[in-house]
Amino acid sequence: TPVLTASINEAIKLNDARLLERSAHTLKGSVVHFDVPTALEFAGKLETMGRENTLNGASDVAVLLNEEILNILHTLQDIHNEYQNANLNR
């Protein structure tokens, strides 16, 4: 996922609509498993922006998406740490 968010950011920087569409679509497919509607919404919006070649405002949406992805990653890290601690205390 960090690779995909980097790819989205690069696509916006390069004004590459096709790369934005593909990267956002792939990311959307990854986050669907975590039931985070806002991340899906932002990824979907970026995918549409790429498909329609309208990248105006894409950086703002990407910032919001990046925040959601960081929240997902932090939650996963917390779950992992809790699991590790539970196993150490057995």
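All heavy atoms count here, side chains included; hydrogens, waters and symmetry mates do not. Bear in mind that the values here come from a model prediction, so they are computed numbers and not experimental data.
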Could you pull out the closest heavy-atom pair between V31 and A39, with the gap in Å? CG2-CB, 4.2 Å
Hydrophobic cluster identity match, V36 and L70, side-chain contacts under 4.5 Å: no
Heavy atoms, side chains only, cut-off 4.5 Å: are L64 and E67 in contact? yes
Do you reckon L4 sits in the same ILVMFWY cluster as V63, going by side-chain contacts under 4.5 Å, direct or chained? no
I want to check something: taking the side chain as every heavy atom from C-beta on, are L73 and P2 in contact at a cut-off of under 4.5 Å? yes
Linked, directly or transitively: I12 and L14 (ILVMFWY side chains, under 4.5 Å): no
Straight-line distance of E21 CD to T48 OG1, nearest 0.5 Å: 8.5 Å
For L55 and G50, the nearest pair of non-hydrogen atoms, with its separation, is CD1-CA, 4.3 Å
Flag the pair E47 and R51 as a salt bridge only when some basic side-chain nitrogen lies within less than 4.0 angstrom of an acidic carboxylate oxygen. yes
Taken to the nearest 0.5 Å, the spacing of T26 OG1 from I8 CD1 works out to 8.5 Å
Could you tell me whether the side chain of R22 reaches within less than 4.5 Å of the side chain of L19, counting heavy atoms only? yes
With rounding to the nearest 0.5 angstrom, report the CD to CG distance, E68 to L40. 10.0 Å
Minimum heavy-atom separation for A62 to L46, with atom names? CA-CD1, 4.0 Å
Interatomic spacing from CG in L20 to CG in N9 - rounded to 0.5 Å: 9.5 Å
Should L65 and L27 count as side-chain neighbours, where that means a heavy-atom distance under 4.5 Å? yes
Is there a side-chain contact between F34 and T75 in this structure, where contact means two heavy atoms from C-beta onward sitting under 4.5 Å apart? no
Answer yes or no: are there more than 12 heavy-atom neighbours, outside D78 itself, under 6.0 Å from its atom CG? yes
Interatomic spacing from OG in S23 to CD in E10 - rounded to 0.5 Å: 10.0 Å
